[in-house]
Novice: 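Quick one: this structure, given as structure tokens, is what I'll be asking you about.
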Amino acid sequence: MNSRRDFLQKLGISTLALHLAPVSGWANTKNHDNQAYDGPVLRVAIMGLGSYGTRVAEAMQACTKAKLVGVISGTPSKIKEWQTKYSIPEKNCYNYNNFDDIKSNPDIDAVYVITPNGLHHDQVIRVAKAGKHAICEKPMAVNAMEGQEMVDACKKANVKLLVGYRMHFEPKTLEVIRMRKAGDLGKILFFQGLCGFTIGDPTQWRLNKQLAGGGSIMDIGIYAINGARYMTGEEPVWVTAQETKTDPVKFKEGVDETIQFQFGFPSGAAASCLSTYTMNNLDRFFLNGEKGFAELQPSTGYGPIMGRTNKGELNQPVTVHQTVQMDEMAAIIFHNKQPVVPIDGEEAVKDLKIIDAIYLAAKTGKKVEIRL
Ligand code: NDP
């Protein structure tokens, strides 16, 4: 224990982190980059065992700094299945009524909320009140006000709030950001982000205003919004937006089908983006500067991400996004590691402020100022 404490002290880890990482949560293994790892392991409970939760759980099997140790679900049969598959003990299984009891479970460090968007706010605040770090899926909330309340609650409880912005760790994305910062593209002039897919089942929660908070912008357009920010390295100062609805039965009041939006940035650069639930083959980022360009297509899918710049093909390694994300989140929580692009609650509130502004611009037809 003493050598472990010395090791932690050398790394500058707080006593809180020490408290969160008992000997059982300690690794001495190689990670997905084949690098040796001897440090604390982030013990995670996943809330919401749906399609993305299942993907995260699979990916976490290759993590070395994070481990799936618990579940929170409204479906007992899924809990049983996951318990068997991932050796999850009964004492780490909760439902939506009793998960506040996680407060007295020393074997869980963080809860990853992967439920419908409209539930994130209350669930993350309950996680914070239980004294556990909160990891939340995008969109973190359904508007900026709720997002800010989540940030405040986590601050008050002295826990971290991180958001599942998996692209912030993707190697080709990071290479474009590096090139832009190094000046390889020159002064940035323009960004285009196209994000969409054709959505199926009209009864799913993604098409329910209460649970989704909106439509395509909340789910997929957020990638273009967030991408416009990390690709240009600037925050937008105004937005204009136009909404098109071809099927008002499937896409009810408050659920956007297609929105095109444009940003202006302080440097004078502009962005033009499309978010839709009625077109496939839309997953493309294009960044244009005075000296060069970068293109990612696909740009935000699960991979492989592909891209090229004026200098040629991007050939950085293909990664499993969720594996890297969870290992990096462990390093952020335990070692206060600073990611190249932030993934904290404040970063998510910026996206939510922009989403609020896009909806306002689409509704009023006016240019809306953005203050982040
Ligand atoms: P799913 O519908 O596949 O799963 C959601 C799960 O949430 C359900 O299976 C259920 O799990 C739980 N749940 C709790 N309450 C409800 C409710 N009222 N209605 C429906 N489900 C409920 O959705 P996804 O997994 O695709 O999406 C979940 C979140 O993850 C969303 O916020 C989404 O935006 C985000 N996401 C992020 C992605 C990324 O790449 N970062 C990709 C896909 C989604 P249980 O039965 O265990 O209670």
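One-based numbering, in listed order, for ligands and for the atoms of each.
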Novice: Just do the salt bridge (Lys or Arg N to Asp or Glu O under 4.0 Å) check on E234 and R180 with the steps written out, would you?
Specialist: CA-CA 11 Å; E234 288 192 77; R180 188 249 302 148; over 6 Å; no
Novice: May I ask you to decide if the ring planes of Y230 and H168 are parallel, tilted or perpendicular, using 30° and 60° as cut-offs?
Specialist: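 The arrangement is perpendicular - the two ring planes meet at more than 60°.
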Novice: For the CG atom of L161 and the CE atom of M140, what is their distance to the nearest 0.5 Å?
Specialist: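 Going from CG on L161 over to CE on M140, the span is 5.0 Å.
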Novice: Counting only heavy atoms from other residues, nucleotides and ligands, does the tally under 6.0 Å from NZ of K138 exceed 12?
Specialist: yes
Novice: Has ligand 1 got any nitrogen or oxygen that is less than 3.5 angstrom from a nitrogen or oxygen of G74?
Specialist: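 Yes; the residue has a nitrogen or oxygen that sits under 3.5 Å from a nitrogen or oxygen of the ligand.
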Novice: Do Y52 and ligand 1 have an N or O pair less than 3.5 Å apart?
Specialist: yes
Novice: Which atoms from ligand 1 have a heavy atom of T75 less than 4.0 Å away?
Specialist: 45 (P), 46 (O)
Novice: Can you tell me if Q242 has over 12 outside heavy atoms packed within less than 6.0 Å of its CD?
Specialist: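 Above 12, so yes.
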Novice: Could you check atom 30 (O) of ligand 1 against the protein and tell me its nearest heavy-atom contact, residue, atom and distance included?
Specialist: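 Of every protein heavy atom, E137 CG, 3.3 Å lies nearest to atom 30 (O) of ligand 1.
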Novice: What part of Q204 sits under 4.0 Å from ligand 1 if we count only heavy atoms: the side chain, the backbone, both or neither?
Specialist: neither
Novice: Which of the numbered atoms in ligand 1 are under 4.0 angstrom from any heavy atom belonging to R166?
Specialist: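 The atoms of ligand 1 under 4.0 Å from a heavy atom of R166 are 39 (C), 40 (O), 41 (N).
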Novice: Measure the NZ-CG distance between K353 and L372 for me, rounded to the nearest 0.5 Å.
Specialist: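 Reported to 0.5 Å precision, the distance equals 6.5 Å.
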Novice: Can you check ring pair (Phe, Tyr, Trp, His ring centres under 6.0 Å) on F191 and F286, steps first, answer last?
Specialist: CA-CA 6 Å; F191 171 78; F286 179 74; 8.9 Å; no
Novice: For T276 and S216, does a side-chain donor sit closer than 3.5 Å to a side-chain acceptor?
Specialist: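 On atom types as modelled, these side chains do not qualify, holding no pair under 3.5 Å.
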Novice: Against heavy atoms of G164, which atoms of ligand 1 measure under 4.0 Å?
Specialist: 41 (N)
Novice: What protein heavy atom lies closest to atom 4 (O) of ligand 1? Include the residue and the distance to one decimal.
Specialist: G50 CA, 3.2 Å
Novice: Just to check, does Y112 reach to within less than 4.0 Å of ligand 1 when the distance is taken from its heavy atoms?
Specialist: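 No.
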Novice: For residues 55-107, which residue pairs qualify under ring-ring contact (aromatic ring centres under 6.0 Å, His included), counting only residues two or more places apart or in two chains?
Specialist: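 Qualifying pairs, neighbours excluded: W82-Y86.
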Novice: What atoms of ligand 1 come closer than 4.0 angstrom to any heavy atom of D219?
Specialist: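 Per the distance check, 34 (O).
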Novice: Taking only heavy atoms of H120, which atoms of ligand 1 are found under 4.0 Å from at least one of them?
Specialist: 32 (O)
Novice: Distance to 0.1 Å, residue and atom name: give those for the protein heavy atom nearest to atom 3 (O) of ligand 1.
Specialist: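 Here the nearest protein heavy atom works out to S51 N, 2.8 Å.
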Novice: Taking only heavy atoms of Y223, which atoms of ligand 1 are found under 4.0 Å from at least one of them?
Specialist: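 Ligand 1 atoms under the 4.0 Å threshold to Y223: 38 (C), 39 (C), 40 (O), 41 (N).
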Novice: Answer with side chain, backbone, both or neither: which part of H321 has a heavy atom less than 4.0 angstrom from an atom of ligand 1?
Specialist: neither
Novice: How about D351 and Y165: does a side-chain donor come under 3.5 Å of a side-chain acceptor?
Specialist: yes
Novice: Could you tell me which atoms of ligand 1, counted from 1 in the order shown, lie closer than 4.0 angstrom to a heavy atom of S73?
Specialist: 45 (P), 46 (O), 47 (O), 48 (O)
Novice: Under the side chain to side chain donor-acceptor pair (under 3.5 Å) rule, what do N92 and D107 come out as? Steps first, then yes or no, please.
Specialist: CA-CA 8 Å; N92 288 0; D107 298 329; 5.4 Å; no
Novice: Does at least one non-hydrogen atom of Y165 fall below 4.0 angstrom from an atom of ligand 1?
Specialist: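 Judged by the 4.0 Å heavy-atom criterion, Y165 does not count as contacting ligand 1.
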Novice: At what distance is the nearest protein heavy atom to atom 23 (O) of ligand 1, and which residue and atom is it?
Specialist: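 That would be W205 NE1, 3.4 Å.
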Novice: Starting from atom 44 (C) of ligand 1, what is the nearest protein heavy atom, named by residue and atom, and what distance separates them?
Specialist: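 Going atom by atom, the protein heavy atom closest to atom 44 (C) of ligand 1 ends up being R206 NH2, 3.3 Å.
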Novice: Backbone N or O of L119 within a donor-acceptor pair of the D122 side chain at under 3.5 Å?
Specialist: no
Novice: Is the side chain of E257 donor-acceptor paired with the backbone N or O of D247 at a distance under 3.5 Å, no angle test?
Specialist: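 Checked: pair present.
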Novice: What's the shortest distance from atom 15 (N) of ligand 1 to any protein heavy atom, and which residue and atom give it?
Specialist: L119 CD1, 3.4 Å
Novice: List every atom of ligand 1 that sits less than 4.0 Å from any heavy atom of Y302, numbering the atoms from 1 in the order shown and giving each element.
Specialist: 40 (O), 42 (C), 43 (C)
Novice: Would Y37 and D327 count as a side chain to side chain donor-acceptor pair (under 3.5 Å) if you check the C-alpha gap in whole Å, the side-chain angles of each, and the deciding distance to 0.1 Å?
Specialist: CA-CA 11 Å; Y37 180 65; D327 272 344; over 6 Å; no
Novice: Tell me, which protein residue and heavy-atom name are nearest atom 34 (O) of ligand 1, and how many Å apart are they?
Specialist: K138 O, 2.8 Å
Novice: So for ligand 1, is P116 a polar contact partner (N or O within less than 3.5 Å, distance only)?
Specialist: no
Novice: How far is atom 12 (C) of ligand 1 from its nearest protein heavy atom, and which residue and atom name does that atom have?
Specialist: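 I find the closest protein heavy atom is Y96 OH, 3.4 Å.
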